[in-house]
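These notes are about the structure you will find just below.
We count ligands from 1, going down the list as the structure has it; atoms in each ligand are counted the same way.
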Amino acid sequence: MIRRAISGGKFIMSKFNVVFVLGGPGAGKGTQCEKIVKEFGYVHLSAGDLLRAERAKGGKLADMIEHHITNGSIVPVEVTCSLLDKAMEDSGKQDFLIDGFPRNENNLQGWQKAMDDKTTVKFVLFFDCPEEDCVQRCLERGLTSGRTDDNEESMRKRIVTYTQSTMPIIKYYESQGLVRQIKANRPIDEVFEQVKQAFSS
Ligand code: ADP
Ligand code: C5P
Ligand code: MG
(Lines give C-alpha, C1' and ligand atoms only; values in the text may rest on other atoms or scores of the structure.)
(Ligands and ions follow the chains in the order given, each with its own letter.)
Protein backbone atom coordinates (compact mmCIF):
# COMPACT_ATOMS: atom_id res chain seq x y z
CA MET A 1 0.00 0.00 0.00
CA ILE A 2 1.10 3.55 -0.57
CA ARG A 3 0.32 6.56 1.62
CA ARG A 4 -1.18 9.36 -0.46
CA ALA A 5 -1.79 12.93 0.68
CA ILE A 6 -5.33 14.26 0.37
CA SER A 7 -6.69 17.69 1.27
CA GLY A 8 -6.73 18.93 4.85
CA GLY A 9 -3.32 17.49 5.62
CA LYS A 10 -4.81 13.98 5.69
CA PHE A 11 -3.59 10.75 4.14
CA ILE A 12 -5.25 7.70 2.67
CA MET A 13 -3.75 4.29 2.02
CA SER A 14 -4.00 3.36 -1.63
CA LYS A 15 -3.42 -0.04 -3.30
CA PHE A 16 -0.51 -0.79 -5.60
CA ASN A 17 -1.41 -1.23 -9.29
CA VAL A 18 0.16 -4.23 -10.94
CA VAL A 19 0.57 -5.39 -14.52
CA PHE A 20 1.93 -8.92 -14.68
CA VAL A 21 4.23 -9.64 -17.64
CA LEU A 22 4.36 -13.26 -18.77
CA GLY A 23 5.68 -15.24 -21.73
CA GLY A 24 8.28 -17.91 -22.46
CA PRO A 25 11.98 -17.54 -21.66
CA GLY A 26 13.41 -15.07 -24.19
CA ALA A 27 9.99 -13.86 -25.34
CA GLY A 28 11.21 -10.28 -24.83
CA LYS A 29 9.64 -9.42 -21.47
CA GLY A 30 12.63 -7.52 -20.09
CA THR A 31 13.30 -5.72 -23.38
CA GLN A 32 9.73 -4.46 -23.63
CA CYS A 33 9.46 -3.63 -19.92
CA GLU A 34 12.37 -1.18 -20.30
CA LYS A 35 10.46 0.58 -23.06
CA ILE A 36 7.23 0.61 -21.02
CA VAL A 37 9.08 2.23 -18.12
CA LYS A 38 10.26 5.06 -20.40
CA GLU A 39 6.88 5.58 -22.06
CA PHE A 40 4.44 4.99 -19.21
CA GLY A 41 6.45 5.51 -16.03
CA TYR A 42 5.91 2.17 -14.35
CA VAL A 43 8.43 0.60 -12.00
CA HIS A 44 9.84 -2.60 -13.53
CA LEU A 45 10.35 -5.50 -11.14
CA SER A 46 11.69 -8.70 -12.69
CA ALA A 47 11.21 -11.69 -10.37
CA GLY A 48 14.20 -13.36 -12.04
CA ASP A 49 16.40 -10.28 -11.51
CA LEU A 50 15.38 -10.05 -7.85
CA LEU A 51 16.20 -13.73 -7.35
CA ARG A 52 19.59 -13.36 -9.08
CA ALA A 53 20.36 -10.35 -6.85
CA GLU A 54 19.42 -12.34 -3.77
CA ARG A 55 21.62 -15.23 -4.97
CA ALA A 56 24.52 -12.81 -5.47
CA LYS A 57 24.34 -11.81 -1.81
CA GLY A 58 25.41 -15.36 -1.04
CA GLY A 59 23.19 -15.71 2.02
CA LYS A 60 21.38 -18.84 3.15
CA LEU A 61 19.01 -18.78 0.17
CA ALA A 62 21.72 -18.54 -2.49
CA ASP A 63 22.23 -22.27 -3.12
CA MET A 64 18.52 -23.00 -3.25
CA ILE A 65 17.94 -20.16 -5.74
CA GLU A 66 20.89 -21.26 -7.88
CA HIS A 67 19.54 -24.83 -7.98
CA HIS A 68 16.15 -23.64 -9.24
CA ILE A 69 17.57 -21.21 -11.79
CA THR A 70 19.92 -23.77 -13.36
CA ASN A 71 17.15 -26.36 -13.45
CA GLY A 72 14.53 -23.98 -14.77
CA SER A 73 12.29 -24.81 -11.82
CA ILE A 74 10.42 -22.30 -9.70
CA VAL A 75 11.59 -20.95 -6.34
CA PRO A 76 8.98 -21.26 -3.53
CA VAL A 77 6.66 -18.27 -3.55
CA GLU A 78 7.44 -17.14 0.01
CA VAL A 79 10.91 -16.10 -1.18
CA THR A 80 9.89 -14.47 -4.45
CA CYS A 81 6.79 -12.75 -3.13
CA SER A 82 8.61 -11.22 -0.20
CA LEU A 83 11.33 -9.87 -2.55
CA LEU A 84 8.62 -8.33 -4.74
CA ASP A 85 6.70 -6.98 -1.74
CA LYS A 86 9.82 -5.36 -0.29
CA ALA A 87 10.79 -3.82 -3.63
CA MET A 88 7.30 -2.38 -4.02
CA GLU A 89 7.18 -0.96 -0.49
CA ASP A 90 10.71 0.48 -0.75
CA SER A 91 10.05 2.20 -4.09
CA GLY A 92 7.50 4.69 -2.78
CA LYS A 93 5.72 4.30 -6.13
CA GLN A 94 2.29 2.97 -7.02
CA ASP A 95 2.41 1.38 -10.51
CA PHE A 96 4.41 -1.78 -11.16
CA LEU A 97 5.27 -4.10 -14.01
CA ILE A 98 5.93 -7.46 -12.43
CA ASP A 99 7.91 -9.46 -14.97
CA GLY A 100 8.12 -13.26 -14.84
CA PHE A 101 5.56 -13.78 -12.09
CA PRO A 102 3.28 -15.62 -11.26
CA ARG A 103 4.93 -18.55 -12.97
CA ASN A 104 3.11 -21.51 -11.44
CA GLU A 105 0.19 -22.41 -9.17
CA ASN A 106 2.33 -21.95 -6.04
CA ASN A 107 3.28 -18.41 -7.17
CA LEU A 108 -0.35 -17.57 -7.89
CA GLN A 109 -1.71 -18.93 -4.60
CA GLY A 110 1.05 -17.28 -2.57
CA TRP A 111 0.50 -13.94 -4.26
CA GLN A 112 -3.26 -14.07 -3.73
CA LYS A 113 -2.82 -14.91 -0.07
CA ALA A 114 -0.20 -12.26 0.70
CA MET A 115 -0.92 -9.47 -1.78
CA ASP A 116 -4.58 -9.45 -2.82
CA ASP A 117 -5.55 -7.00 -0.09
CA LYS A 118 -2.95 -4.42 -1.05
CA THR A 119 -2.69 -4.70 -4.83
CA THR A 120 -4.95 -4.49 -7.86
CA VAL A 121 -3.97 -6.62 -10.87
CA LYS A 122 -4.87 -4.35 -13.79
CA PHE A 123 -4.10 -6.85 -16.54
CA VAL A 124 -1.62 -9.46 -17.74
CA LEU A 125 0.62 -8.69 -20.69
CA PHE A 126 1.30 -11.97 -22.46
CA PHE A 127 4.21 -12.15 -24.89
CA ASP A 128 3.28 -15.04 -27.13
CA CYS A 129 6.42 -16.32 -28.83
CA PRO A 130 7.10 -19.62 -30.66
CA GLU A 131 9.38 -21.99 -28.78
CA GLU A 132 12.07 -22.01 -31.47
CA ASP A 133 12.41 -18.20 -31.32
CA CYS A 134 12.59 -18.33 -27.52
CA VAL A 135 15.35 -20.93 -27.59
CA GLN A 136 17.35 -19.12 -30.26
CA ARG A 137 17.11 -15.77 -28.46
CA CYS A 138 18.21 -17.22 -25.12
CA LEU A 139 21.15 -19.09 -26.65
CA GLU A 140 22.22 -15.88 -28.35
CA ARG A 141 21.76 -13.93 -25.11
CA GLY A 142 23.88 -16.61 -23.44
CA LEU A 143 26.91 -15.52 -25.47
CA THR A 144 27.12 -12.38 -23.32
CA SER A 145 24.62 -12.66 -20.44
CA GLY A 146 26.74 -14.75 -18.10
CA ARG A 147 23.48 -16.42 -17.01
CA THR A 148 23.81 -19.99 -15.78
CA ASP A 149 20.54 -20.91 -17.51
CA ASP A 150 21.03 -19.54 -21.05
CA ASN A 151 22.33 -22.89 -22.32
CA GLU A 152 20.70 -25.79 -24.17
CA GLU A 153 20.21 -28.07 -21.20
CA SER A 154 18.64 -25.43 -18.92
CA MET A 155 16.62 -24.13 -21.87
CA ARG A 156 14.94 -27.50 -22.36
CA LYS A 157 13.94 -27.53 -18.70
CA ARG A 158 12.74 -23.91 -18.75
CA ILE A 159 10.52 -24.62 -21.74
CA VAL A 160 8.96 -27.62 -19.95
CA THR A 161 8.30 -25.47 -16.86
CA TYR A 162 6.79 -22.76 -19.03
CA THR A 163 4.50 -25.17 -20.90
CA GLN A 164 3.43 -27.25 -17.92
CA SER A 165 3.32 -24.67 -15.12
CA THR A 166 3.10 -21.13 -16.53
CA MET A 167 0.67 -21.65 -19.41
CA PRO A 168 -2.09 -22.77 -16.99
CA ILE A 169 -1.62 -19.49 -15.08
CA ILE A 170 -2.00 -17.50 -18.32
CA LYS A 171 -5.13 -19.56 -19.07
CA TYR A 172 -6.46 -18.77 -15.60
CA TYR A 173 -6.05 -15.02 -16.15
CA GLU A 174 -7.59 -15.44 -19.62
CA SER A 175 -10.67 -16.92 -17.96
CA GLN A 176 -10.79 -13.73 -15.84
CA GLY A 177 -10.68 -11.59 -19.00
CA LEU A 178 -7.39 -10.04 -17.93
CA VAL A 179 -4.96 -11.13 -20.66
CA ARG A 180 -3.69 -8.75 -23.35
CA GLN A 181 -1.82 -10.84 -25.89
CA ILE A 182 1.14 -9.65 -27.91
CA LYS A 183 2.67 -11.36 -30.95
CA ALA A 184 6.26 -11.39 -29.74
CA ASN A 185 8.05 -12.90 -32.76
CA ARG A 186 8.30 -9.56 -34.54
CA PRO A 187 11.02 -6.90 -34.53
CA ILE A 188 11.36 -5.09 -31.18
CA ASP A 189 9.71 -1.85 -32.35
CA GLU A 190 6.75 -3.71 -33.87
CA VAL A 191 6.26 -5.58 -30.63
CA PHE A 192 6.31 -2.28 -28.77
CA GLU A 193 3.60 -0.85 -31.05
CA GLN A 194 1.34 -3.68 -29.92
CA VAL A 195 2.36 -3.07 -26.31
CA LYS A 196 1.35 0.61 -26.55
CA GLN A 197 -2.04 -0.47 -27.89
CA ALA A 198 -2.41 -2.87 -24.99
CA PHE A 199 -1.73 -0.08 -22.49
CA SER A 200 -4.16 2.32 -24.11
CA SER A 201 -7.09 -0.11 -24.42
P1 ADP B 1 12.88 -12.33 -21.46
O2 ADP B 1 13.00 -11.25 -20.41
O3 ADP B 1 11.47 -12.59 -21.87
O4 ADP B 1 13.59 -13.59 -21.11
P5 ADP B 1 14.63 -10.58 -23.04
O6 ADP B 1 13.92 -9.29 -23.13
O7 ADP B 1 15.78 -10.69 -22.11
O8 ADP B 1 13.57 -11.78 -22.78
O9 ADP B 1 15.11 -10.96 -24.51
C10 ADP B 1 15.84 -12.15 -24.76
C11 ADP B 1 16.86 -11.90 -25.87
O12 ADP B 1 16.17 -11.68 -27.10
C13 ADP B 1 17.70 -10.66 -25.64
O14 ADP B 1 19.01 -10.92 -26.10
C15 ADP B 1 17.02 -9.57 -26.46
O16 ADP B 1 17.92 -8.61 -26.92
C17 ADP B 1 16.44 -10.37 -27.62
N18 ADP B 1 15.14 -9.85 -28.08
C19 ADP B 1 14.17 -9.30 -27.34
N20 ADP B 1 13.10 -8.97 -28.10
C21 ADP B 1 13.41 -9.34 -29.36
C22 ADP B 1 12.70 -9.26 -30.61
N23 ADP B 1 11.47 -8.75 -30.70
N24 ADP B 1 13.30 -9.75 -31.71
C25 ADP B 1 14.55 -10.28 -31.63
N26 ADP B 1 15.27 -10.38 -30.49
C27 ADP B 1 14.71 -9.91 -29.36
O1 C5P C 1 12.36 -14.48 -15.78
P2 C5P C 1 13.76 -15.04 -15.83
O3 C5P C 1 14.04 -15.72 -17.13
O4 C5P C 1 14.78 -14.03 -15.46
O5 C5P C 1 13.79 -16.16 -14.70
C6 C5P C 1 14.95 -16.94 -14.53
C7 C5P C 1 14.70 -18.03 -13.52
O8 C5P C 1 14.41 -17.48 -12.24
C9 C5P C 1 13.53 -18.96 -13.82
O10 C5P C 1 13.82 -19.95 -14.80
C11 C5P C 1 13.32 -19.57 -12.42
O12 C5P C 1 14.27 -20.56 -12.10
C13 C5P C 1 13.55 -18.35 -11.53
N14 C5P C 1 12.26 -17.71 -11.25
C15 C5P C 1 11.45 -18.26 -10.27
N16 C5P C 1 10.23 -17.72 -9.99
C17 C5P C 1 9.79 -16.66 -10.69
C18 C5P C 1 10.60 -16.07 -11.69
C19 C5P C 1 11.84 -16.63 -11.94
O20 C5P C 1 11.83 -19.25 -9.63
N21 C5P C 1 8.56 -16.17 -10.45
MG1 MG D 1 13.85 -11.38 -18.45
Pair [X]-[Y], side-chain donor/acceptor within less than 3.5 Å:
X      : Y      : result
Ser82  : Glu78  : no
Asp149 : Thr70  : no
Glu105 : Gln109 : yes

Is it the side chain, the backbone, both or neither of Arg147 that has a heavy atom closer than 4.0 Å to ligand 2?
side chain
Under-4.0 Å heavy-atom contact with ligand 2, by part of Leu51 that carries it:
side chain
Polar atom proximity, [X] to ligand 2 (N or O, under 3.5 Å):
X     : answer
Ser73 : yes
Gly48 : no
Thr80 : no

So does Asp189 pair up with Lys35, basic N to acidic O under 4.0 Å?
yes
Salt bridge Glu193-Lys196, side-chain N to carboxylate O under 4.0 Å:
yes
Checking contacts here: is it the side chain or the backbone of Glu140 that comes within 4.0 Å of ligand 1, counting heavy atoms only? Could be both or neither.
neither
What part of Ser145 sits under 4.0 Å from ligand 1 if we count only heavy atoms: the side chain, the backbone, both or neither?
neither
Is the ring pair Tyr173/Phe20 parallel, tilted or perpendicular, if the boundaries are 30 and 60 degrees?
tilted
Under 4.0 Å from a heavy atom of Pro187: give me the atoms of ligand 1 that qualify, with their elements.
23 (N)
Nearest heavy atom to atom 2 (P) of ligand 2 wins, so pick from Lys157, Arg103, Lys29, Arg55.
Arg103
Can you tell me which residue and heavy atom of the protein come closest to atom 14 (O) of ligand 1, and the distance to 0.1 Å?
Arg141 CB, 3.7 Å
Do any nitrogen or oxygen atoms of Val191 come within less than 3.5 Å of a nitrogen or oxygen of ligand 1?
no
Ring centroid separation for Phe192 and Phe199, is it under 6.0 angstrom?
no
